[in-house]
Amino acid sequence: MSTDSATSPTAQRHKQQHIVTVSYRDLLASEPSAELLAKIGAAYGGDDDDNHQNSDLNGTVHSSLGILAVADVPNLPALRSHLLPMARQMASLPPSELSSAIECPEAGYQVGWSHGKEKVEGDKFDTGKGSFYFNPLVDDLERAILNRRAMMRLMHTHSNIDLAPGTGTGGDDNSQCIIQNDEPVNDDEFSTLAKANPAFFARNIWPDEALPELEDVAKELANLVVSVGRLVARACDGYVESRCPTYPRGKLEAVLTQSLCCKARLLHYFPADDDSNNDDSAGNNKEVSASGRNADTDYSSWCGWHNDHGSLTGLVPAMYLNADGEEISSPDPTAGLYIKSRSGDLVHVNVPSNALCFQIGETSQIHTGGILQATPHAVRGCSSAEKTARGVSRETLAVFMEPEYHGDMDLPEGRSLEQTQRKETEQHLPSSVRVLRSRWKKGMNFGEFSEATFKAFH
């Protein structure tokens with residue numbers, strides 16, 4: 001018996017499916033177990049992999065969804081309960097206070113508060129949610145990198161000591177892979193680059209007067225996500241190394257451990273009290289095209305279809321708040337995160353409330369030559385037709401872990417772009433998601449890939 005919803009024509013198209021789940025304790029082992037590697041394959045594995053399958057709630061086999069849940073993470077429930085309601089508090093501040101204190105238009109609204117400034121799915125402005133962006137690792141990325149460069153030069157000049165792996169200054173061949181890539185430019189050239197790319201390098205800004213508690217708790221929860229993400233990266237490396245002998249050992253973990261470039265996004269999804277934010281895209285009595293492609297927007301009223309372009313994205317389980325600010329269950333069973341699998345399945349995933357989830361990004365897809373695969377995803381809002389959804393908002397935190405600007409975007413030796421994203425997969429992408437071959441070029445760095453991606457989507 002199918003688990004597809006039958007409340008509307010479009011609802012017939014989606015399925016519900018289990019998220020592959022591992023225990024936090026399973027990730028702590030110095031060497032990943034065979035069982036853990038198999039779960040990594042089921043969650044993230046590519047098309048040329050025998051272990052890239054997953055099952056839905058009825059046991060039907062499907063291709064991997066590009067997402068993994070990590071259960072029983074210490075301190076997660078308390079930090080989640082503390083931070084996520086602050087997203088609603090921030091969105092409730094007077095617009096004049098938001099614009100004067102924590103908006104950063106010169107950074108393209110990629111630092112601080114952003115609402116209605118970004119476009120999703122063509123020329124549609126994203127008014128369904130408000131975002132607060134910050135780097136949880138350092139407040140001033142440019143200064144932090146310049147200080148690191150100076151320290152490295154000093155240590156190599158005066159002591160010639162190799163440091164332990166994970167410090168970014170020595171230890172093994174791969175522990176230097178990130179840091180070496182920012183040396184093609186001198187410090188003055190680097191500072192010029194930083195000033196020309198404020199979306200990457202602008203300093204954090206915080207609402208110290210309106211929400212004085214926000215900075216500490218936001219950094220604490222986001223850094224928890226990063227620490228667990230690094231453990232997931234280690235397991236991913238073990239999986240890829242077992243399938244690709246030319247893959248640089250420990251590369252994904254090195255990227256996430258050494259890079260100071262990280263973007264956290266505290267999100268408030270506005271209530272669906274009218275059609276102004278949803279544009280009738282919550283799936284209410286809409287017709288489905290023969291191909292189903294045009295109806296993808298029925299599932300993206302809160303967040304348009306996209307692939308994450310970084311390495312790994314950590315997601316804190318969403319919290320639904322009623323008009324009084326009290327946590328409730330989702331009033332609309334069709335609302336939430338949707339993923340389009342590489343075989344074309346549209347899947348509604350239920351994120352466990354006690355787990356962090358991690359989605360593979362396109363940079364990891366490229367670094368592994370397609371052994372790990374990113375998948376398009378969107379967020380469907382609560383239907384305005386649901387009376388119980390009136391006044392209900394959704395709060396969450398996403399943490400985008402990625403290389404620094406000069407990080408390489410190289411395929412493993414012997415892997416091709418065709419293996420990295422197959423033509424059969426491309427045909428199932430939502431129309432708003434651009435294929436990798438249109439954005440990735442051999443020899444480009446992460447900053448250049450990011451720029452190409454932003455131009456393609458915006």
Side-chain angles (χ1 to χ4, degrees), residues 46 66 107-108 110 135 141-142 145 149 168 173-174 176-186 189-202 233 236-237 240 244 246-248 250-263 306-313 359-376 400-423 425-426 429 432-458:
Q110 294 299 298
N135 184 332
L141 179 60
E142 177 190 355
I145 292 177
R149 289 162 61 117
D173 290 342
N174 294 309
Q176 300 186 44
C177 64
I178 308 302
I179 306 307
Q180 289 176 350
N181 280 334
D182 69 28
E183 293 297 347
V185 295
N186 62 36
E189 291 169 330
F190 180 79
S191 291
T192 299
L193 173 75
K195 289 176 175 56
N197 292 274
F200 257 95
F201 292 99
C236 288
D237 282 331
V240 178
C244 180
T246 61
Y247 178 72
K251 179 161 188 173
L252 180 52
E253 185 182 9
V255 169
L256 300 195
T257 300
Q258 297 165 20
S259 176
L260 297 177
C261 187
C262 181
K263 186 81 73 174
H306 66 285
N307 276 0
D308 294 340
H309 79 282
S311 299
L312 189 70
T313 302
Q359 291 183 282
I360 283 291
E362 292 176 328
T363 294
S364 291
Q365 183 170 339
I366 290 166
H367 282 162
T368 65
I371 294 175
L372 305 180
Q373 290 273 327
T375 49
F400 303 95
M401 293 161 271
E402 58 194 30
E404 291 176 9
Y405 190 96
H406 289 96
D408 78 82
M409 291 297 293
D410 297 338
L411 301 176
E413 184 179 351
R415 300 286 296 187
S416 66
L417 182 57
E418 288 68 29
Q419 290 173 299
T420 302
Q421 187 173 71
R422 295 184 179 277
K423 291 288 185 64
T425 300
E426 293 177 355
L429 293 175
S432 60
V433 177
R434 308 296 189 261
V435 298
L436 279 179
R437 70 183 71 252
S438 70
R439 294 175 283 128
W440 178 86
K441 305 297 180 186
K442 185 177 180 180
M444 66 174 14
N445 59 34
F446 178 71
E448 293 163 341
F449 176 68
S450 299
E451 183 178 352
T453 297
F454 295 148
K455 285 182 177 179
F457 282 89
H458 304 296

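Everything numeric in this text was worked out from a predicted model, so none of it was measured.
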Chemist: First locate atom CG of Leu436, then atom OG1 of Thr453, and finally report the distance between them rounded to the nearest 0.5 Å.
Modeler: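 Those atoms lie 8.0 Å apart.
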Chemist: Restricting to non-hydrogen atoms, name the atom on Thr313 and the atom on Met401 that form the minimum distance, rounded to 0.1 Å.
Modeler: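 Nearest heavy atoms, Thr313 then Met401: C-CE, 4.3 Å.
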Chemist: Do Glu362 and Trp440 come close enough that some side-chain heavy atom pair is under 4.5 Å?
Modeler: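 They are not in contact (no side-chain heavy atoms under 4.5 Å apart), so the answer is no.
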Chemist: Is there a side-chain contact between Ile145 and Phe201, using heavy atoms and a 4.5 Å cut-off?
Modeler: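 They are in contact (side-chain heavy atoms under 4.5 Å apart), so the answer is yes.
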Chemist: Any carboxylate oxygen within less than 4.0 angstrom of a Lys/Arg side-chain nitrogen, looking at Asp408 and Lys251?
Modeler: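 Counted as a salt bridge, because a side-chain N and a carboxylate O are separated by less than 4.0 Å.
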Chemist: Keeping the roles fixed (side chain from Gln110, backbone from Phe200), state whether a donor-acceptor pair exists under 3.5 Å.
Modeler: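 Flag not set: sc Gln110 to bb Phe200 has no pair under 3.5 Å.
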Chemist: Any idea which heavy atoms bring Pro412 and Gly369 closest together, and the distance?
Modeler: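 For Pro412 and Gly369, the tightest heavy-atom pair comes out as CD-N, 3.4 Å.
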Chemist: What are the two closest non-hydrogen atoms of Ser311 and Pro403, and how far apart are they?
Modeler: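 Looking at all heavy atoms of both residues, the closest pair is OG-CD, 3.4 Å.
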Chemist: With heavy-atom distances below 4.5 Å as the criterion, would you say the side chains of Lys442 and Met409 are in contact?
Modeler: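 They are not in side-chain contact.
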Chemist: Does this structure show an ion pair linking Lys441 with Glu448, if we count only N-O contacts that are shorter than 4.0 Å?
Modeler: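 No, this pair does not count.
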Chemist: List the steps and the verdict of side-chain hydrogen bond (donor to acceptor under 3.5 Å, both in side chains) for Thr420 and Gln365.
Modeler: CA-CA 7 Å; Thr420 302; Gln365 183 170 339; over 6 Å; no
Chemist: Atom CZ of Phe449 and atom CZ of Phe454: how far apart are they, to the nearest 0.5 Å?
Modeler: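 Separation between the atoms: 10.0 Å.
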Chemist: Using modelled atom types and a 3.5 Å cut-off, is there a donor and acceptor pairing between side-chain atoms of Thr425 and backbone atoms of Gln421?
Modeler: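 Between the backbone of Gln421 and the side chain of Thr425 there is no qualifying donor-acceptor contact (under 3.5 Å).
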Chemist: Kindly give the heavy-atom pair with the smallest separation between Thr368 and Arg415, and that separation in Å.
Modeler: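 Minimum heavy-atom contact is O-NE, 4.0 Å.
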Chemist: Measure across Ser364 and Leu252 and return the closest heavy-atom pair with its distance rounded to 0.1 Å.
Modeler: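 It is OG-CD1, 3.4 Å.
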Chemist: Should His406 and Val185 count as side-chain neighbours, where that means a heavy-atom distance under 4.5 Å?
Modeler: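 Yes; the side chains approach each other to less than 4.5 Å.
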Chemist: Taking the side chain from Asn445 and the backbone from Gly447, do they hold a donor-acceptor pair closer than 3.5 Å?
Modeler: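 Here the side-chain-to-backbone pair exists.
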Chemist: State, with a plain yes or no, whether a side-chain heavy atom of Glu418 is found less than 4.5 Å away from one of Arg437.
Modeler: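 Glu418 reaches Arg437 side chain to side chain.
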Chemist: If every non-hydrogen atom of Cys261 is compared with every non-hydrogen atom of Leu141, which pair is closest and at what distance?
Modeler: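 Distance-wise, the nearest heavy atoms are N-CD1, 4.1 Å.
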Chemist: Using ring centroids (six-membered ring only for Trp), state whether Phe400 and His309 fall under 6.0 Å.
Modeler: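 Between Phe400 and His309, which both carry aromatic rings, the centre distance is not below 6.0 Å.
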Chemist: Between the main-chain N or O of Glu402 and the side-chain N or O of Ser259, is there a donor-acceptor pair closer than 3.5 Å?
Modeler: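 Yes; at least one donor-acceptor contact below 3.5 Å.
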Chemist: Taking the side chain from Glu426 and the backbone from Val435, do they hold a donor-acceptor pair closer than 3.5 Å?
Modeler: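 A pair under 3.5 Å: no.
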Chemist: Look only at the side chain of Glu404 and the backbone of Leu260, and say whether a donor-acceptor pair between them is shorter than 3.5 Å.
Modeler: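 Yes: the side chain of Glu404 pairs with the backbone of Leu260.
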Chemist: Hey, does the side chain of Arg434 reach the backbone of Ser432 with a donor-acceptor pair shorter than 3.5 angstrom?
Modeler: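 Yes; at least one donor-acceptor contact below 3.5 Å.
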Chemist: Taking atom CZ of Phe190 and atom NZ of Lys195, what is their separation to the nearest 0.5 Å?
Modeler: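 Reported value, rounded in 0.5 Å steps: 10.0 Å.
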Chemist: I need the His367 NE2 to Cys236 SG distance, nearest 0.5 Å.
Modeler: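 Going from the NE2 atom of His367 to the SG atom of Cys236 covers 13.5 Å.
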Chemist: Measure the CD1-CE distance between Ile366 and Met444 for me, rounded to the nearest 0.5 Å.
Modeler: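 If we round to the nearest 0.5 Å, Ile366:CD1 and Met444:CE are 8.5 Å apart.
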Chemist: Just how far is it from atom CG of Leu312 to atom CG of Leu372, taken to the nearest 0.5 Å?
Modeler: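 Here the interatomic distance stands at 9.5 Å.
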Chemist: Taking atom types as modelled, is there a side-chain donor on Gln359 or Thr375 under 3.5 Å from an acceptor on the other?
Modeler: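 The criterion, which ignores hydrogens and geometry beyond distance, is not satisfied for Thr375 and Gln359.
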